[in-house]
Visitor: 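So that we are looking at the same thing, I have put the structure below in structure tokens.
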Protein chains: 2
Amino acid sequence: MRYHKIPDETVRRLPIYLRGLMLSATRGREHISSQSLADFVGVNSWQIRKDFSYFGDFGTPGVGYNIEGLAKQIKKILRLDVVRKAALVGVGDLGSALLAYPGFRTYGLDIVAAFDVDAEKIGSAVSGVEIENITRIATLQERGISLGIVAVPHTAGQFIADKLVEAGVRGILNFAPCKIDAPRRVKIITLDIAMELARLPYYMPAG
Amino acid sequence: MRYHKIPDETVRRLPIYLRGLMLSATRGREHISSQSLADFVGVNSWQIRKDFSYFGDFGTPGVGYNIEGLAKQIKKILRLDVVRKAALVGVGDLGSALLAYPGFRTYGLDIVAAFDVDAEKIGSAVSGVEIENITRIATLQERGISLGIVAVPHTAGQFIADKLVEAGVRGILNFAPCKIDAPRRVKIITLDIAMELARLPYYMPAG
DNA sequence: CCATGTGAAGGTATTCACAGCC
DNA sequence: GGCTGTGAATACCTTCACATGG
């Protein structure tokens, strides 16, 4: 079933599969069954097959999936096959951790610029990235940066997001604990760490 | 419809509502309509009413919801009405940022212990929390700590999780990019930052 | 014989529309 | 009149069972 809208939930799981495949690739085997991948990433095998079925025939019946080929396919679908430049705004504790985080590179995402309001930080470098005045966010477009990461206090979230949108970014990963409004053409993903932790006690047995 | 299983998706949204209500509380008004709250947090008004309907009659027709009362109710449902002690494992860049993050306190979550393997870090303090040797994770139970936060490399994720489970924690917030297996009685929430960023390009128009 | 790919069934969550209440 | 609470309708996602293909 090749021509079909891909469910959002499937898109959410693709990076999980990709991570599992990239790890498997270092294990020496060339093929992997949906069942093995399932055990490895913690998703049911039929769910995996269904997810893959939205894109086309990835696997070989009786054999499984070609690990390298499948990983490449998923990268292409997620558009991770080109290196994409990202800008970070807000170089506080979290921002600094994000700059130091090597995980983004794995997915072709490269933080090449960082901005802050703090005059003391501006000019210095964190993890090899120079911190610039936020007024320079306006230069993003000409520098080919299409992705913004917001790690500022919630009071500044919307303001910074507006600046990023003006500067032409088409996607924002928002760590600020607030709602962000933006034109439909800009995709926003909000990731509020405290809120994830906040729903943990609900699932914990008494105590 | 008071006696009903609460959908997971509703539980996921409750902290969003809570955050909005706590912010609204500082605005001086006593009541808020589902519509106003909807505008504020970015969820549809009917979704909000439906979510609340799983718990009981929170609102007053023609008036709206009592902000303070509703916030208290949600806190109770999420079991955030008691202060809960948490332990952090892995005081790297991300771990340090989490220790410095004030957002957890808002939800009654208090990071009172931190562990690392690095001998140089052990004994020093980060954000007022002393860093201990990970062998001391075993003392969590007697210290009344029921919640673990894992911020270690993916190679150590499962190992640390096992230690935490042994030490009696009943919930784990996992930042390590790996699957964590644990007994059913322990709730695991995994939050892989790179993976969230990885699905952003998919939704970005060409470029 | 083994593992994929997929219609069909089943379950869950969202959206709608409106009755009921203040 | 305004706003809540909720059955019903719809859309979406998951699970199953098996036909199909190497």
Side-chain angles (χ1 to χ4, degrees), chain A residues 1-17 20-21 24 29-74 77 199 202-203, chain B residues 1-17 20-21 24 29-74 77 199 202-203:
Chain A
M1 201 207 262
R2 202 179 280 262
Y3 308 106
H4 214 287
K5 202 216 153 215
I6 300 146
D8 280 343
E9 292 303 310
T10 295
V11 175
R12 169 172 270 118
R13 282 187 294 265
L14 285 181
I16 304 181
Y17 303 148
L21 289 167
S24 294
R29 313 184 94 265
E30 217 174 301
H31 291 269
I32 190 169
S33 68
S34 58
Q35 187 56 61
S36 307
L37 186 58
D39 296 340
F40 199 60
V41 301
V43 178
N44 297 316
S45 61
W46 57 78
Q47 180 74 80
I48 291 179
R49 292 202 302 277
K50 181 59 124 180
D51 282 340
F52 290 169
S53 78
Y54 292 114
F55 305 104
D57 302 339
F58 283 174
T60 313
V63 179
Y65 300 92
N66 177 290
I67 295 174
E68 209 157 325
L70 182 50
K72 202 170 284 185
Q73 279 288 343
I74 293 179
I77 291 159
R199 69 197 170 89
Y202 176 83
Y203 294 102
Chain B
M1 202 206 260
R2 202 178 282 259
Y3 307 106
H4 214 284
K5 201 217 154 214
I6 299 147
D8 280 343
E9 292 302 309
T10 295
V11 174
R12 169 171 269 117
R13 282 187 294 266
L14 286 181
I16 304 182
Y17 303 147
L21 289 166
S24 294
R29 314 182 94 265
E30 216 173 300
H31 291 269
I32 192 169
S33 69
S34 58
Q35 186 56 61
S36 307
L37 186 57
D39 296 340
F40 200 60
V41 302
V43 178
N44 296 315
S45 61
W46 57 77
Q47 181 74 80
I48 291 179
R49 292 202 302 278
K50 180 61 117 182
D51 283 342
F52 290 168
S53 77
Y54 293 114
F55 305 104
D57 302 339
F58 282 174
T60 313
V63 179
Y65 299 92
N66 177 290
I67 294 174
E68 208 156 326
L70 182 51
K72 202 170 283 183
Q73 279 288 342
I74 293 179
I77 292 160
R199 68 196 171 89
Y202 177 82
Y203 293 103

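So that the names make sense, note that chain A is the first sequence line, chain B the second, and so on, each numbered from 1.
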Visitor: Mind listing the closest non-hydrogen atom pair of A/Ile6 and A/Val11 along with its distance?
Guide: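 Shortest heavy-atom separation between A/Ile6 and A/Val11 comes out as CG2-CG2, 3.7 Å.
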
Visitor: Which part of the nucleic acid does B/Arg13 contact within heavy-atom distance under 4.0 Å: base, sugar-phosphate only, or nothing?
Guide: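 If one applies the 4.0 Å heavy-atom cut-off, B/Arg13 turns out to touch the sugar-phosphate alone, with no base involved.
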
Visitor: Look at the rings of A/Phe52 and A/Tyr65 and say which category their plane angle falls in: under 30° parallel, 30 to 60° tilted, over 60° perpendicular.
Guide: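 Aromatic pair A/Phe52/A/Tyr65 classed perpendicular.
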
Visitor: Heavy atoms from C-beta onward define the side chain here; which of D/dT15, D/dT4, D/dA17 lies closest to that of A/Arg49?
Guide: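 Looking only at heavy atoms from C-beta outward on A/Arg49, the closest nucleotide is D/dA17.
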
Visitor: Return the value, rounded to whole Å, for the distance between atom CZ of B/Phe58 and atom P of D/dT6.
Guide: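 B/Phe58 atom CZ is separated from D/dT6 atom P by 11 Å.
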
Visitor: Counting only side-chain N and O atoms of B/Ser34, is one of them less than 4.0 Å from OP1 or OP2 of D/dC3?
Guide: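 So the side chain of B/Ser34 is outside the cut-off, no N or O lying under 4.0 Å from OP1 or OP2 of D/dC3.
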
Visitor: From CD1 of A/Ile32 over to P of C/dC2, roughly how many Å is that when rounded to an integer?
Guide: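 Computing the A/Ile32:CD1 to C/dC2:P distance gives 19 Å.
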
Visitor: Report which part of the nucleic acid A/Tyr65 touches: base, sugar-phosphate, or nothing (heavy-atom distance under 4.0 Å, all strands).
Guide: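 If one applies the 4.0 Å heavy-atom cut-off, A/Tyr65 turns out to touch the sugar-phosphate alone, with no base involved.
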
Visitor: Which nucleotide in the set D/dT6, C/dT14, C/dA8 lies at the smallest distance from any side-chain heavy atom of B/Asp57?
Guide: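 Of the candidates, D/dT6 comes closest.
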
Visitor: Which nucleotide in the list C/dT15, D/dC18, D/dG5 gets nearest to the side chain of B/Ser53?
Guide: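 Side chain of B/Ser53 sits closest to D/dG5.
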
Visitor: Can you tell me the distance, in whole Å, between the CD atom of B/Glu9 and the P atom of D/dC12?
Guide: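 Roughly 15 Å, once rounded to whole Å.
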
Visitor: Between CG of B/Leu37 and CD of B/Gln35, what distance do you get to the nearest 0.5 Å?
Guide: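 Rounded to the nearest 0.5 Å, the CG-CD separation comes out at 10.0 Å.
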
Visitor: I want to check one thing: is the phosphate of C/dT14, taken as OP1 and OP2, less than 4.0 Å away from some side-chain N or O of B/Asn44?
Guide: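 For C/dT14, OP1/OP2 do not have a side-chain N/O of B/Asn44 under 4.0 Å.
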
Visitor: Are the side chains of B/Glu30 and B/Glu68 in contact, using a 4.5 Å heavy-atom criterion?
Guide: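 When only atoms from C-beta onward are counted, B/Glu30 and B/Glu68 do not touch, as no gap falls below 4.5 Å.
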
Visitor: Side chains of B/Asp8 and B/Arg12, heavy atoms from C-beta outward: is any pair under 4.5 Å?
Guide: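 Not touching, per the 4.5 Å side-chain cut-off.
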
Visitor: Let me know the distance between CD1 of A/Ile67 and P of C/dA3, rounded to the nearest Å.
Guide: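 So the two atoms are 14 Å apart, to the nearest Å.
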
Visitor: Quick one: which of D/dG5, D/dC13, C/dA3 gets closest to the side chain of A/Ser33?
Guide: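 Closest nucleotide among those given: C/dA3.
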
Visitor: Please tell me which of A/Trp46 and A/Pro61 maps to the more 5' nucleotide of DNA chain D, matching each residue to the nucleotide holding its nearest heavy atom.
Guide: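 Of the two residues, A/Trp46 wins.
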
Visitor: Round to a whole Å and report the spacing from NZ of B/Lys50 to C1' of C/dC18.
Guide: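 Checked: the NZ to C1' distance equals 13 Å.
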
Visitor: Nearest whole angstrom, please: distance from the P of C/dT6 to the CZ of A/Phe52.
Guide: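 Result: 13 Å.
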
Visitor: Want to settle it: does A/Asp51 or A/Gly62 sit nearer the 5' end of DNA chain C, counting the closest nucleotide to each?
Guide: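 That would be A/Gly62.
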
Visitor: Nearest whole angstrom, please: distance from the C1' of D/dT4 to the CD of B/Gln73.
Guide: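 The answer, rounded to whole Å, is 16 Å.
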
Visitor: Quick one: is A/Tyr54 getting a side-chain N or O under 4.0 Å of the D/dC12 phosphate, OP1 or OP2?
Guide: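 Indeed not, no polar side-chain atom of A/Tyr54 lies that close.
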
Visitor: Output the rounded distance in Å from CG (A/Leu70) to C1' (C/dG5).
Guide: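 Rounding to the nearest Å, CG of A/Leu70 and C1' of C/dG5 are 14 Å apart.
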
Visitor: What distance separates A/Ser24 OG from A/Ile67 CD1, expressed to the nearest 0.5 Å?
Guide: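 The OG atom of A/Ser24 sits 5.0 Å away from the CD1 atom of A/Ile67.
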
Visitor: Tell me which nucleotide among C/dT4, D/dG22, C/dT15 gets nearest to the side chain of A/Thr60.
Guide: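 That would be D/dG22.
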
Visitor: Which nucleotide, C/dA13, C/dG5, C/dC18, lies nearest any side-chain atom of B/Asp8?
Guide: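 Shortest atom-to-atom distance from the side chain points to C/dA13.
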
